[in-house]
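Predicted model only: the values in this text are computed from it and were never measured.
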Amino acid sequence: PSSGRATVSLTHTFDAPGEHQVEARLGDDALPIDNQRWLSVPVREAVEVLCVEGREGAARHLAYALEPGRASTPRVRPLVRLENALLEQDLSQFDCVVLCNVGRFSREEAAALYAYVNSGGGLLVTLGDQVQPENYHEQLGGGASDRRVLPARLERFAPVGSYSFAPQDYRHPIVAAFAGHERSGLLTTPVWKYVQVRPYDPAAARVALAFDNGDPAIVEQRVGRGRAILLTTAVSPDCVDRTTDPPTPWTALTTWPSFPPLVQEMLAFAVRGRF
C-alpha cells in the first residue's frame, strides 16, 4: 500500500559465471520512475586466493583447508607462493590474500597490500616464529596509519603455555557457525604459543575469537571497501618455539577438525567487501 513497507526474500542460483544483471520491478503507480532497481552481480567459477608463505610449506595446511576436496571444478582456488609474490602478482586478480608466517614487509609490499584491501580485497594475516612485530607495526600498522591494514598491533610473543579458544557466545559471524556444535573441536584446540596484540582502534576492530585468558585470537576490521583479519597464532605445524627443549610447536590447530570450517568462515567473511 501507499507509504507501506514490505520485505521479500528471493533465492536464485546462477548456472554460468560472468556479470549478471538483476532487476527488481514494482507495479506501476503515480511515480513510475522509482519502481525499478538494478544490480550487477559478478558470478565467479571459483574464489581465487593467493597464499603467501614466509618459508616453504608455511601455507600448505591452510591451502588444504581452503579446498579440501581437490575437485576438478573447485569452489576455492588457492595459489601458494613465496613472499616475493606480493610484488610479482597482480593482487587485483585475487579475492583474498593470506599471509602465512611472513617475517617482514617492505614499504612497497605494504603499499600494494593497502591498495588491494582498500579497493575491496580480503586479507587474512596469520603469524608464526618468523614474524618481526616492529616491522609489522611500521609497515602495516600504526607506523603507517594513513595506509594501515593491520587491525591490531603485535606487542609481544606470549610465553609458552596451554591455551584454548573462547568464542564469546559465538556472537561474531566468523564463529557463529560453531554455535550449538561444542564438540566440533573449536573449544579443545591446543595452542601453546601466540602473539599478544592490542587493537589500534578498539571502536573499529572487533575480536571474533579470544583465548581463555582474554587475549584476542582473531581480530578483524574494515579497511576501505575490504576487510583485514588477523589470526594471532600459526597455521603450520612447522612453526615452533626453539627456546624450549625440545622445541614446542605453536599449535595443533591444523590437525584439529575445527580447522577447515574455521578457515572457510574466515575466508567467507574476508571476501564480503569484494562484491
For [X] and [Y], which I'm curious about, is there any donor-acceptor pair between the side chains at under 3.5 Å?
{"X": "Ser40", "Y": "Glu19", "answer": "yes"}
{"X": "Asp212", "Y": "Ser164", "answer": "yes"}
{"X": "Gln93", "Y": "Asp90", "answer": "yes"}

Can you run down the salt bridge (Lys or Arg N to Asp or Glu O under 4.0 Å) pairs that involve residues 100-129, sequence neighbours left out, and say none if there aren't any?
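Pairs touching residues 100-129 that pass the test: Arg55-Asp129.
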Hey, does the side chain of [X] reach the backbone of [Y] with a donor-acceptor pair shorter than 3.5 angstrom?
{"X": "Thr248", "Y": "Thr244", "value": "no"}
{"X": "Tyr116", "Y": "Cys96", "value": "yes"}
{"X": "Glu53", "Y": "Ala58", "value": "yes"}
{"X": "Thr126", "Y": "Thr232", "value": "no"}
{"X": "Arg147", "Y": "Gln139", "value": "yes"}
{"X": "Asp95", "Y": "Val47", "value": "no"}
{"X": "Lys193", "Y": "Ala158", "value": "yes"}
{"X": "Asp169", "Y": "Arg171", "value": "no"}
{"X": "Gln221", "Y": "Ala228", "value": "no"}
{"X": "Asp241", "Y": "Pro247", "value": "no"}

Heavy-atom pair with the smallest gap, counting every atom of [X] and [Y]:
{"X": "Ala205", "Y": "Pro151", "result": "CB-O, 3.9 Å"}
{"X": "Ser236", "Y": "Gly57", "result": "OG-O, 4.1 Å"}
{"X": "Ala217", "Y": "Phe165", "result": "CB-CE2, 3.8 Å"}
{"X": "Ala65", "Y": "Phe259", "result": "CB-CE2, 3.6 Å"}
{"X": "Pro167", "Y": "Leu209", "result": "CA-CD1, 3.6 Å"}
{"X": "Gln264", "Y": "Pro68", "result": "NE2-CD, 4.1 Å"}

Above 12 or not: heavy atoms from other molecules or residues under 6.0 Å from [atom1] of [X]?
{"X": "Glu56", "atom1": "CD", "result": "no"}
{"X": "Asp146", "atom1": "CG", "result": "yes"}
{"X": "Gln132", "atom1": "CD", "result": "yes"}

Do you know which of Thr189, Leu262, Leu186 makes side chain to side chain contact (heavy atoms under 4.5 Å, CB included) with Trp256?
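By the side chain to side chain contact (heavy atoms under 4.5 Å, CB included) criterion, Trp256 pairs with just one of Thr189, Leu262, Leu186: Thr189.
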Just one of Leu150, Leu113, Leu140 clears the side chain to side chain contact (heavy atoms under 4.5 Å, CB included) bar with Leu123, so which one?
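Of the listed residues Leu150, Leu113, Leu140, the side chain to side chain contact (heavy atoms under 4.5 Å, CB included) partner of Leu123 is Leu113.
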Should the pair Glu67-Arg75 be classified as a salt bridge under the 4.0 Å nitrogen-to-oxygen rule?
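Salt bridge: no.
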Where do Arg148 and Asp201 land on the salt bridge (charged side-chain N to carboxylate O under 4.0 Å, His left out) test, with the steps shown first?
CA-CA 11 Å; Arg148 179 191 302 152; Asp201 183 356; 5.8 Å; no
So do [Y] and [X] actually touch side chain to side chain, heavy atoms under 4.5 Å?
{"X": "Gln130", "Y": "Leu127", "answer": "no"}
{"X": "Arg153", "Y": "Glu134", "answer": "yes"}
{"X": "Val125", "Y": "Leu231", "answer": "no"}

When you group the ILVMFWY residues by side-chain heavy-atom contacts below 4.5 Å and let the links chain together, are Val191 and Val197 in the same group?
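Looking at the clustering, Val191 is in a separate group from Val197.
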Applying the 4.5 Å side-chain criterion to the ILVMFWY set and letting contacts propagate, would Phe178 and Leu187 be lumped into a single cluster?
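They do share one cluster, since a chain of ILVMFWY contacts under 4.5 Å joins Phe178 to Leu187.
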Looking at the rings of His172 and Tyr170, which for Trp means the six-membered one, are their centres under 6.0 Å apart?
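Centroid distance His172-Tyr170: not below 6.0 Å, so no.
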Below 30° counts as parallel, above 60° as perpendicular, anything between as tilted: where do the rings of His137 and Tyr200 land?
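Aromatic pair His137/Tyr200 classed parallel.
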